[in-house]
Amino acid sequence: MSATRGLEGIVATTSSVSSIIDSTLTYQGYEIDDLADHASFEEVIFLLWNGRLPKEAELNELKGQLAEHAAIPNEVIEQMKSYPLKDIHPMAALRTAISSLGLYDEDADVMEESANRLKALKLQAKIPTIVTAFSRLREGKDPIAPKKDLSFAANFLYMLKGEDPDEISVDAFNKALVLHADHELNASTFTARVCVATLSDVYSGITAAIGALKGPLHGGANEAVMKMLTEIDTVENVEPFVRKAIDNKEKIMGFGHRVYKNGDPRAKHLKEMSKRLTEITGEKKWYEMSVKIDEIFTAEKGILPNVDFYSASVYHSLGIDHDLFTPIFAVSRTSGWLAHILEQYSNNRLIRPRAEYNGPNKQVYIPLEKR
Ligand code: CMC
């Protein structure tokens with residue numbers, strides 16, 4: 001029995017939710033490029049949960065249900081007010097609030113498929129409300145209730161800023177949500193599946209997944225990219241920064257991927273969006289710095305940008321606080337996590353791998369006073 005570090009290359013389950021084959025990402029067989037160019041995030045939610053695109057009436061029904069369930073219990077808002085708002089990361093707040101949400105759902109532990117699908121709907125509807133409520137509370141403002149007539153993407157921006165967003169921002173945000181929605185058996189999705197394979201509840205699965213996404217090697221990378229860009233500050237500073245990082249064998253966040261070695265198919269969409277949005281905001285330096293980092297690092301190391309690299313300058317250009325980048329990833333990826341959770345329940349077996357033991361052997365207990 002020998003271990004594979006980081007489970008690299010191990011096929012741990014079957015799934016029809018999404019695939020990465022020959023560097024092409026598909027959701028239920030639809031290529032990500034096609035979906036990024038044409039689909040609304042609501043259509044993608046339906047696709048991931050049902051295995052097909054919705055008809056118009058089905059899409060309208062889903063939009064209505066998401067609007068219906070978007071409000072969060074007052075108890076959760078009151079609890080959020082008691083968090084040390086100024087000192088905590090929004091991902092820690094989100095993890096706690098999602099866990100807490102389960103306390104106020106009397107069907108949290110009902111395991112019938114219909115009950116689990118309803119919980120999926122509620123979680124998907126409520127997660128943007130939680131993220132935006134936290135953001136406003138820490139600014140000393142009141143949370144804003146979602147509007148029933150806005151799209152998922154528009155509602156997020158509206159609840160965050162308190163004003164109706166412009167069309168360009170909504171389109172960009174919708175596309176970012178579509179691009180992040182699912183990604184085969186990434187670390188957080190695997191975490192969610194492991195959790196619910198014990199027949200634990202949906203809220204536990206999403207809470208566990210948020211914990212996994214939070215780390216800088218996974219979802220936390222987008223915030224780390226913006227931190228790096230802010231530190232570099234000018235296009236002229238890029239070259240010395242990157243060369244120093246290479247010499248010191250430091251990681252550049254937003255580059256590399258366990259599965260894609262020839263480039264992440266989502267990155268080009270975000271690169272294009274970054275170019276467009278930074279032109280609009282008049283802050284082209286974020287895009288130009290990113291491109292220069294990309295050129296130098298790719299040429300020197302042959303390691304290409306992943307989804308997190310250009311998403312940093314995209315979200316920054318949308319006027320979003322840098323520490324909300326990873327929670328936004330969670331808002332989108334919840335759709336994929338939920339699809340995987342429902343799939344896991346539908347054909348469940350406990351996930352319990354083995355470890356190759358490399359500790360000491362034949363130890364003999366020594367009484368405390370003799371140690
Ligand atoms: N900067 C510098 N070197 C890197 C990077 C990077 N970003 N990524 C990989 N490498 C090097 C690494 O040092 C190692 O070199 P060596 O063989 O000489 O020790 C080699 O490439 C293989 O790297 P690894 O870390 O063993 O690869 P992995 O498959 O275990 O990790 C990864 C994949 C994404 C964790 C890694 O590429 C990384 O840490 N990237 C930076 C963090 C990041 O951007 N994460 C977001 C991932 S994509 C979106 C998501 O899922 O959230």
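Atoms within each ligand, like the ligands themselves, are counted from 1 in listed order.
For a heavy-atom separation below 4.0 Å, the residues in contact with ligand 1 are Pro216, Leu217, His218, Gly219, Ala221, Glu250, Lys251, Ile252, Met253, Gly254, Phe255, Gly256, His257, Arg258, Phe297, Ile303, Asn306, Val307, Asp308, Phe329.
The distance from atom CD1 of Ile72 to atom OG1 of Thr129, rounded to the nearest 0.5 Å, is 6.0 Å.
Judged as a side-chain contact (heavy atoms from CB on, under 4.5 Å), and not counting sequence neighbours, the contacts of Gln124 are Phe41, Ile45, Trp49, Leu66, Ile127, Phe152, Thr334, Ser335, Leu338. Scored by the side-chain hydrogen bond (donor to acceptor under 3.5 Å, both in side chains) test, Ser151 finds no partners at all (sequence neighbours excluded).
Sorted by first then second residue, the ring pair (Phe, Tyr, Trp, His ring centres under 6.0 Å) pairs that include residues 235-259, not counting sequence neighbours, are His183-His257, Phe255-Phe297, Phe255-Phe309, His257-Tyr260.
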**side-chain hydrogen bond (donor to acceptor under 3.5 Å, both in side chains) evaluation trace for Ser317 with Thr278** = CA-CA 6 Å; Ser317 302; Thr278 54; 5.4 Å; no

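At a threshold of 4.5 Å between non-hydrogen side-chain atoms, the residues Arg117 and Leu121 do not count as touching.
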